[in-house]
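Have a look at the structure below, then the notes.
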Amino acid sequence: MTVREWDPRTAPDSELQSLLETLNAVLAADLPDDPPWRNDHLRPYLTETMPSERRVSWVSQETDGSLSGMVNVLLLGGIGVLEVLVHPGMRRTGLARRLVATAVRRLFAEGFSSVGVEVVGDTPAIAFFESLGFEREYVETRSVLRLSTMDWLALGEMARGIAAGYRVEYFPGGPPDDMLEAYAMAKAELRDNDSGDLELRPSSYDARRLRESLNTLHRRGMTPHIVLAVHEKSGAVAGLTEVVVPAQHPTRADQYDTIVVQDHRGYGIDRAIKARMLFELRSAEPRLTEVQTWNAQSNESMLKVNAELGFQPDREWCEYGADVGELVHRLEGI
């Protein structure tokens, strides 16, 4: 078995297929209720990044040519973000440590001092990263909504339950350019709320970066759906919710940000925009069966809204961080 740097842009189709099989084996072992991934747009999913970001990848290749593991590191801002994938049959062989050691040595060489990783609760990855000295920094709850269980009549009441003076608009693919500035101003509400999140999936807070982010999603085969609540008198975006449907698992959508601007809270906006989104998804994405969302455990108001919509808590989703120099020292010789 060899570990080598790997470029998914030029990798042969057979290696992409082998990596997909390893990914689905990991899902079957650790998240058996999650839908398996498909090869649709897998190559651009692994290669496309924002203009200010870079991704470097390494794979472990067996003697038969199959890929038994991968680590990639996303270089953004002042932090490197790890993703580690090891076939269940190769666990406890030292492969994961070898992959992590390879990635953190690159981070150290490029002058990064911090590294983060998302770790799914109740999986072997928790004990693995803690054994390396990673510390838990932030915890979210993942919840899943199954559309087959929806009470659509009740959902319709929620969608209409918004105070006068606001209109709700749906934008498949993303809002038009003339709304990006107002959209960005609403997104800044999230930036100003210091939740302790390591920003491993940073949001965009200005119009130019928002357009770049939407374009990147499309290139990666991920279709954004946006619902906005607009304050009719001022034209300001009072609330927004974002859902992305990946081509790689089109039956389960990912909820991104849901924000209600402070001055517009208490008018039923959060329920209304999320309910409207579910109606739009039912029409726009006929293959969709589930939506998954992540919320900080301290965000009681949004957890309550999600429960009313029918989301069921599923897993903890944890962000871990470590000092790159300490990791390099700890993994020396691997």
Side-chain angles (χ1 to χ4, degrees), residues 1-43 45-47 55-74 80-107 115-134 136 142 144 200 246-252 292 314-320 322 327 330-334:
M1 183 264 290
T2 59
V3 172
R4 59 180 172 85
E5 193 165 335
W6 185 71
D7 187 349
R9 291 171 296 184
T10 57
D13 291 342
S14 59
E15 290 187 355
L16 285 173
Q17 182 60 36
S18 179
L19 184 66
L20 179 67
E21 291 168 2
T22 290
L23 168 61
N24 283 331
V26 170
L27 287 175
D30 295 342
L31 294 166
D33 293 331
D34 280 30
W37 280 43
R38 303 156 52 130
N39 209 345
D40 292 1
H41 287 80
L42 185 60
R43 192 184 298 274
Y45 178 85
L46 293 169
T47 57
R55 183 181 287 110
V56 187
S57 302
W58 296 262
V59 294
S60 58
Q61 188 166 29
E62 302 301 312
T63 54
D64 63 1
S66 64
L67 303 185
S68 56
M70 180 187 74
V71 61
N72 72 62
V73 59
L74 182 65
V81 183
L82 289 178
E83 289 183 294
V84 184
L85 186 71
V86 172
H87 193 285
M90 292 296 294
R91 289 175 178 172
R92 300 186 180 277
T93 66
L95 175 57
R97 281 177 173 264
R98 185 176 173 186
L99 290 169
V100 171
T102 301
V104 298
R105 281 195 286 268
R106 173 65 65 87
L107 286 172
V115 60
V117 63
E118 284 191 331
V119 186
V120 182
D122 296 324
T123 67
I126 293 285
F128 169 72
F129 282 104
E130 289 182 351
S131 74
L132 297 182
F134 280 79
R136 187 177 299 195
R142 185 181 79 165
V144 178
L200 302 187
Q248 299 81 20
H249 52 90
T251 62
R252 180 178 285 193
Q292 59 186 1
D314 174 51
R315 296 277 185 134
E316 284 190 345
W317 224 260
C318 310
E319 293 183 0
Y320 278 79
L327 267 180
R330 190 174 291 115
L331 295 169
E332 190 174 1
I334 294 179

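No side-chain donor-acceptor contact under 3.5 Å links S18 to the backbone of S14. A side-chain donor-acceptor contact under 3.5 Å links R43 to the backbone of A11. Formation of a donor-acceptor pair under 3.5 Å by the R55 side chain with backbone atoms of N72 is not found in this model.
Closest non-hydrogen pair, V26 versus V86, comes out as CG2-O, 3.2 Å. L27 and P35 make their closest contact through CD1-O, 3.8 Å (heavy atoms, listed as atom of the first residue, atom of the second, distance). Residue M1 comes nearest to T63 through the heavy atom pair N-CG2, 4.5 Å, listed as atom of the first residue, atom of the second, then distance. Minimum interatomic distance between L20 and N39 (heavy atoms only, all atoms of both residues): CD2-N, 3.7 Å. Residue H41 comes nearest to A247 through the heavy atom pair ND1-CB, 3.9 Å, listed as atom of the first residue, atom of the second, then distance. Closest heavy-atom contact between T102 and R98: OG1-O, 2.8 Å.
Looking at heavy atoms from C-beta onward, R330 lies out of side-chain contact with V104 at the 4.5 angstrom threshold. You'll find the side chain of L132 reaches within 4.5 Å of the side chain of R97, heavy atoms only. Within the 4.5 Å cutoff, no side-chain heavy atoms of E15 are placed close to those of V59. R136 has its side chain within reach of I126: a pair of non-hydrogen atoms, C-beta onward, lies under 4.5 Å apart.
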Notebook entry, point to check: Given the rule in the side chain to side chain donor-acceptor pair (under 3.5 Å) test, do S60 and S68 qualify, once you have shown the distances and angles that lead to the verdict?
Noted result: CA-CA 6 Å; S60 58; S68 56; 2.9 Å; yes
Margin query: R106 vs V56, test: side-chain contact (heavy atoms from CB on, under 4.5 Å). Steps then yes/no.
Written below: CA-CA 9 Å; R106 173 65 65 87; V56 187; 3.5 Å; yes
Checklist line | Stepwise side chain to side chain donor-acceptor pair (under 3.5 Å) test for W6 and Q61 | finding: CA-CA 10 Å; W6 185 71; Q61 188 166 29; over 6 Å; no
Next item on the list: Go through E83 and L74 one step at a time and tell me if the side-chain contact (heavy atoms from CB on, under 4.5 Å) criterion holds.
Entry: CA-CA 8 Å; E83 289 183 294; L74 182 65; over 6 Å; no
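Of the charged side-chain nitrogens involved, none lies within less than 4.0 Å of a carboxylate oxygen, so that D34 and R315 do not count as a salt-bridged pair.
Taking CD of E21 as the reference point, atom CG of L16 lies at 11.0 Å (rounded to 0.5 Å). To the nearest 0.5 Å, atom NE2 of residue H87 and atom CG of residue L19 are 11.0 Å apart. The distance from atom CG of L331 to atom CZ of R105, rounded to the nearest 0.5 Å, is 7.5 Å. Of the inter-residue distances, the one linking L82 atom CG with E118 atom CD reads 11.5 Å to the nearest 0.5 angstrom. Expressed to the nearest 0.5 Å, how far CZ of R91 lies from CG of D30 amounts to 4.0 Å. With rounding to the nearest 0.5 angstrom, the OG1 atom of T123 is 11.5 Å from the CZ atom of F128.
Around CZ of R9, the count of heavy atoms belonging to other residues, nucleotides or ligands within 6.0 Å does not exceed 12.
The aromatic rings of W37 and Y45 stand perpendicular to each other, their planes meeting at an angle above 60°, with 30° marking the opposite boundary.
If you look at F134 and F129, their ring centroids are closer than 6.0 Å.
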